[in-house]
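Computed over heavy atoms, backbone and side chain alike; hydrogens, waters and symmetry mates excluded. Computed from a predicted model, the values in this text were never measured in an experiment. In each ligand, atom 1 is the first atom listed, and ligand 1 is the first ligand listed.
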Amino acid sequence: MPLSVSLVPCLDDNYGFLVRDEETGATAAVDTPDAGPILDALKERGWALDIILNTHKHGDHIGGNQALRERTGAMVVGPGEVAERTHVDWVVKGGDCVSLGATEFFVIDTGGHTLGHVSYYASGAATVFVGDTLFAMGCGRLFEGTAEQMHHSLQRLVSLPGDTALYCGHEYTLANARFAIHAEPGNAAIAARLNEVEALREAGAITLPTTAAQERETNVFVRATKVEEFARLRAEKDSFRS
Ligand SMILES: [Zn+2]
């Protein structure tokens, strides 16, 4: 199933995403850090916006919703925690299915960063939008959920087929890679990826998407098999300065 994903850099280090079902031209914005760059990207491409998919309630993921709705008439889809902060047309939870043209997105509960965080998985296109749950070589901070909940959410995401493309909400890969090599100094796959990421960032390039298989190999939070080990790493990362 053809699906194209355009990354739209927003704010300091956020990404918004324009996702287009190539068969029908139906287009979604996944999270809306800032309406301006997203509207510019739509205009550049000559696309209309049909749906906004929100992963969680933080301002740097929903801040552009209202302006985008006003300008495009897009329908807003998001979890209940987003509906408590801004207008949502369809409140979704894990197990729901959202259609974008001929592409189906399955909603996966991925709480931990916030309690009601969800991810949107297009299995037919081997693509998942994970918000601030999993970052390339890292994971979101535990603002609301428990270590156990986040650990479970991460394991759920990396249990998807290895070639699944994961799109996360921030460009944090370099800092995550530096923490990863500190946590697992002998891991050759992490060392190799750190080199790659350094070269990409020096060239001003984007490091996304990652894949489920890459994260299983090089994400120390995913590689933590026990919840206690995950919790220790998360606490250590919170105060780590690379
Ligand atoms: Zn967040």
Side-chain angles (χ1 to χ4, degrees), residues 5 7-19 28-38 52-68 76-88 91-94 105 107-121 127-158 166-177 179 206-210 215 219-222 230-231 233-240:
V5 180
L7 285 80
V8 185
C10 292
L11 308 176
D12 287 338
D13 52 29
N14 278 82
Y15 289 119
F17 303 97
L18 288 179
V19 186
V30 179
D31 285 336
T32 64
D34 190 359
I38 296 170
I52 294 168
L53 300 173
N54 287 131
T55 59
H56 68 294
K57 67 185 177 185
H58 287 155
D60 62 331
H61 292 257
I62 64 172
N65 275 26
Q66 197 181 333
L68 283 166
V76 181
V77 175
E81 65 172 32
V82 172
E84 288 171 15
R85 298 206 167 169
T86 185
H87 173 88
V88 172
V91 175
V92 290
K93 56 183 185 325
F105 284 92
V107 180
I108 305 175
D109 281 321
T110 51
H113 176 68
T114 60
L115 283 177
H117 194 299
V118 299
S119 295
Y120 295 94
Y121 174 44
T127 299
V128 63
F129 294 90
V130 301
D132 289 356
T133 300
L134 184 149
F135 293 121
M137 304 188 82
C139 75
R141 283 179 188 258
L142 301 178
F143 285 119
E144 296 182 349
T146 62
E148 189 175 13
Q149 188 183 13
M150 186 57 127
H151 185 254
H152 182 265
S153 294
L154 294 176
Q155 294 302 323
R156 174 78 184 82
L157 290 173
V158 299
L166 280 76
Y167 289 90
C168 52
H170 291 267
E171 180 62 65
Y172 288 161
T173 318
L174 183 55
N176 288 338
F179 176 75
I206 291 168
T207 63
L208 302 184
T210 182
E215 294 308 306
N219 186 320
V220 294
F221 300 98
V222 162
F230 165 79
L233 284 167
R234 185 57 264 179
E236 196 184 339
K237 173 72 169 65
D238 286 345
S239 58
F240 182 75

Handout entry: Steps toward side chain to side chain contact (heavy atoms under 4.5 Å, CB included) verdict (F221, M150)
Key = CA-CA 10 Å; F221 300 98; M150 186 57 127; over 6 Å; no

Problem - H58 ND1 and H113 NE2 subtending at the Zn ion (ligand 1) (10° steps) - result: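 Approximately 90° at the metal, rounded to tens of degrees.
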
Indicate if the distance from the Zn ion (ligand 1) to the nearest N, O or S atom of [X] falls below 2.8 Å.
X    : value
H56  : yes
H61  : no
D132 : yes

Exercise for the section: Kindly check if the number of other-residue, nucleotide or ligand heavy atoms within 6.0 Å of CD (Q66) is above 12? Expected result: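 Open.
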
Exercise for the section: For the pair D238 and R141, find out whether any cationic side-chain nitrogen is under 4.0 Å from an anionic carboxylate oxygen. Expected result: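 Yes, this pair counts.
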
Handout entry: Residues D132 and H61: side-chain donor-acceptor under 3.5 angstrom
Key =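 Looking only at side-chain atoms, H61 and D132 do form a donor-acceptor pair, the distance falling under 3.5 Å.
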
